[in-house]
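Structure record follows, encoded as structure tokens.
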Number of protein chains: 2
Amino acid sequence: MISMRSKYAIKALSYMARTRDKESFLIAEVAAAENIPKKFLEAILLTLKSQGILTSRKGPGGGYWLARSPGAITLGSIIRAFEGDLAPVPCLSETSSGTCPECSDAATCATRLAMADVQKAVSSVIDTVTLADMIERSEFERQRLSQQLDFTI
Amino acid sequence: MISMRSKYAIKALSYMARTRDKESFLIAEVAAAENIPKKFLEAILLTLKSQGILTSRKGPGGGYWLARSPGAITLGSIIRAFEGDLAPVPCLSETSSGTCPECSDAATCATRLAMADVQKAVSSVIDTVTLADMIERSEFERQRLSQQLDFTI
DNA sequence: TAAAAATCTACAAGTTCTATAGAAAGCATC
DNA sequence: GATGCTTTCTATAGAACTTGTAGATTTTTA
């Protein structure tokens with residue numbers, strides 16, 4: 001399960017990516033548009049900024065905007081900003097200790113060997129799909145369903 | 001991250017699968033052999049029993065044993081016994097509510113569409129590999145490393 | 001200087017995870 | 001049928017994490 005943080009982040013970034021005519025976005029605006037608790041979104045956008053996904057400026061006329069194009073922002077970079085490196089076991093994590101306290105031999109650990117495959121499988125999906133891909137797919141799905149609806153009616 | 005529960009479960013089951021000469025195993029024995037808190041392991045084995053992975057008998061001469069052969073126990077069935085159905089978002093879960101409270105249209109939700117791919121990628125790994133596969137791979141790795149060590153020395 | 005907007009610090013309720021303690025129930029053997 | 005072995009059940013407790021909220025502070029523009 002990814003956290004609400006990650007989901008809110010994806011929604012906020014999708015909103016910004018979809019609304020290309022605007023130069024910058026207020027926290028309050030994004031919060032209202034995507035139905036995200038404003039104070040919670042504050043912290044989320046701050047994290048996204050620290051990860052180089054968003055840029056911001058204070059003061060009147062300020063706000064947040066995408067630091068890169070939607071096609072250059074992977075789903076993985078968003079999720080990892082909040083979930084860490086998504087290691088299924090500590091010994092597969094680069095950021096943390098890197099060892100499982102209960103494990104005597106990581107090199108031959110059956111769990112670790114199998115989980116490494118899981119980690120790779122997840123990465124191969126989330127590091128490939130971009131914000132632009134996700135929006136395009138959602139839009140495609142929306143049109144497909146509305147056409148289906150037309151035929152049904 | 002999978003929980004300690006899942007890791008302990010895998011260790012306990014691996015121990016039983018590796019030790020084929022024994023008919024049944026005491027909780028205390030498995031706990032000592034794999035360095036798992038005994039009282040914690042109690043609850044874990046109980047869960048594995050409820051999932052049809054273990055069988056047990058009380059009283060003298062009793063204990064736990066594998067309900068199926070190691071080749072017929074998938075890693076997925078073990079992990080799911082403790083982590084639920086591993087849905088990356090609530091709307092992809094079969095067991096729980098099945099809806100994300102913050103989502104207005106699940107059918108076209110960009111997050112859901114992408115996460116469904118993640119879920120499928122994870123499942124394709126963990127539902128394929130069995131306890132027997134894991135043990136074999138670990139053993140293979142152990143021998144490979146010991147050979148490497150021979151050459152080094 | 002005043003207003004706008006992001007940023008920082010602190011906190012709080014709820015949930016989950018890891019584990020422990022002690023009692024109860026079922027089984028085999030003497 | 002008593003005794004001891006072993007699983008099973010119930011209750012609890014601390015720690016960590018998640019999801020928010022509140023209020024003060026800093027930066028920027030006009």
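Chain letters run A, B, ... following the sequence lines, proteins first and then strands; every chain starts at 1.
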Could you state the atom-to-atom distance from [atom1] of [X] to [atom2] of [N] in whole Å?
| X | N | atom1 | atom2 | result |
| --- | --- | --- | --- | --- |
| A/Leu46 | C/dA5 | CG | P | 17 Å |
| A/Lys49 | D/dT27 | NZ | P | 11 Å |
| B/Glu42 | C/dA25 | CD | P | 16 Å |
| A/Leu54 | C/dA5 | CG | P | 17 Å |
| B/Glu29 | D/dT7 | CD | C1' | 15 Å |
| A/Leu26 | C/dA3 | CG | P | 18 Å |
| A/Met1 | D/dC17 | CE | C1' | 16 Å |
| B/Ile44 | D/dC9 | CD1 | P | 16 Å |

Exercise for the section: Please check if the side chain of A/Arg112 supplies one atom and the backbone of A/Cys91 the other of a donor-acceptor pair under 3.5 Å. Expected result: yes

Handout entry: Donor-acceptor under 3.5 Å (B/Asp85 side chain, B/Glu94 main chain)
Key = yes

Exercise for the section: May I ask you to check whether over 12 heavy atoms, not counting those of A/Asp127, lie within 6.0 Å of atom CG? Expected result: yes

Exercise for the section: Report, as yes or no, whether the 6.0 Å neighbourhood of atom NZ on A/Lys120 holds more than 12 heavy atoms from other residues, nucleotides or ligands. Expected result: no

Practice task
Taking atom types as modelled, find out whether B/Ser3 and B/Glu83 have a side-chain donor-acceptor pair closer than 3.5 angstrom.
Solution key: yes

Exercise for the section: In plain terms, say whether B/Arg5 and B/Glu42 are close enough for a salt bridge, that is, a side-chain N and a carboxylate O under 4.0 Å apart. Expected result: no

Practice task
May I ask you to decide whether A/Glu29 forms a salt bridge with A/Lys22, counting only side-chain N to carboxylate O separations under 4.0 Å?
Solution key: yes

Completion exercise
Looking only at heavy atoms, the pair that brings B/Ala114 and A/Met134 closest together is CB-CE, 4.1 Å

Nucleotide of [options] approaching [X] most closely (side-chain heavy atoms):
| X | options | value |
| --- | --- | --- |
| B/Lys58 | D/dT21, D/dC9, D/dT7 | D/dT7 |
| A/Lys39 | D/dT28, C/dA5, C/dC8 | C/dC8 |
| B/Pro60 | C/dA25, C/dA6, D/dC5 | D/dC5 |

Fill in the blank from the handout: Per nearest nucleotide of DNA chain D, the residue lying toward the 5' end, A/Pro37 or A/Arg57, is A/Pro37

Completion exercise
Each nucleotide of nucleotides 11-16 of chain D classed B (base within 4.0 Å of a protein heavy atom), S (only sugar-phosphate) or -, in 5' to 3' order, makes ------

Practice task
Could you tell me whether B/Lys7 contacts a base, only the sugar-phosphate backbone, or nothing, with contacts defined as non-hydrogen atoms closer than 4.0 Å?
Solution key: nothing

Exercise for the section: Return yes if the base of D/dG20 and the side-chain atoms of A/Lys38 contain a donor-acceptor N/O pair under 3.5 Å, otherwise no. Expected result: no

Problem - Qualifying residues under salt bridge (Lys or Arg N to Asp or Glu O under 4.0 Å), relative to A/Asp133, sequence neighbours excluded - result: none

For nucleotides 14-18 of chain C, give me every protein contact, N/O to N/O, under 3.5 Å, one pair per line with atom names.
unit_1 : atom_1 : unit_2 : atom_2 : d
C/dT18 : OP1    : B/Met4 : N      : 2.7

